[in-house]
Amino acid sequence: GMGWVSGREGSRGRGGPRSSCAPPDAVVWPQAVGQVQELAALCYRCRVPMVPFGTGTGLEGGVNAVQGGICFDLSRMDTIAELSLEDFSVAVEPGVTRKALNSHLRDTGLWFPVGTVGASAASGEAMAPGVAWGQGQQ
C-alpha cells in the first residue's frame, strides 16, 4: 500500500549514523508478522536478497545490501507482546526501542540496560553488555 514501499534514494539510505553501506534497491515497511512472511516468500521465489532493519542505530552494521535487494524496515513493528515477571522475560517485535521497553518496564522495577533491543536480539547479545547482563534468547 501507499507509504509501505519505496524505491526513492532517500528511503534506501538506511543503516544508522555509522553506516557507509551499500543501499538496497527498495524498502518495505511491514506492520505484521504475516506481511513479513509474505514478503519473504516473494523474495525467496524471485531470488531477491532480503536485508532486515530494526531501529537504526547501525551498531551491528546496519543495512548493507552489497547485492542489492529489499530492505525490510521493521521499525513500525513496535509491539511489546508479552512480559513475564516470574522468569524476567519479555517478547518484543523488532521495532521496539530500549526507551520504549524501559518505559513499559518502569513500574516493575526492571530495566533493559543495553543499547538497542533489536541489535541485541539479532546478534544473540554479541555486544559488550551481554558479557555482564546475559544473552538475549529467541
Would you be so kind as to tabulate the donor-acceptor pairs closer than 3.5 Å made by side chains of residues 32-47, with sequence neighbours excluded?
from: Gln35; atom 1: OE1; to: Gln31; atom 2: N; distance (Å): 2.5
from: Gln35; atom 1: OE1; to: Ala32; atom 2: N; distance (Å): 3.2

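Scanning all heavy atoms of the two residues, the minimum distance from Ala65 to Pro24 falls at CB-CA, 3.5 Å. Minimum interatomic distance between Leu74 and Pro30 (heavy atoms only, all atoms of both residues): CD2-CG, 3.7 Å. Residue Phe72 comes nearest to Met50 through the heavy atom pair CE1-CG, 3.7 Å, listed as atom of the first residue, atom of the second, then distance.
A distance of 8.5 Å separates OG of Ser75 from CH2 of Trp29, quoted to the nearest 0.5 Å.
For Ile80, the side chain to side chain contact (heavy atoms under 4.5 Å, CB included) partners are Val90, Val92, Val96, Leu101, His104, not counting sequence neighbours.
Side-chain N/O atoms of Asn102 and Trp111 include no donor and acceptor closer than 3.5 Å.
Residue pairs meeting the side chain to side chain donor-acceptor pair (under 3.5 Å) criterion with at least one partner in residues 78-89, sequence neighbours excluded, are Thr79-Glu93, Ser84-Glu86, Ser84-Asp87, Asp87-Ser89.
The hydrophobic cluster containing Phe88 also contains Leu83, counting ILVMFWY residues as joined when their side-chain heavy atoms lie under 4.5 angstrom apart, directly or transitively.
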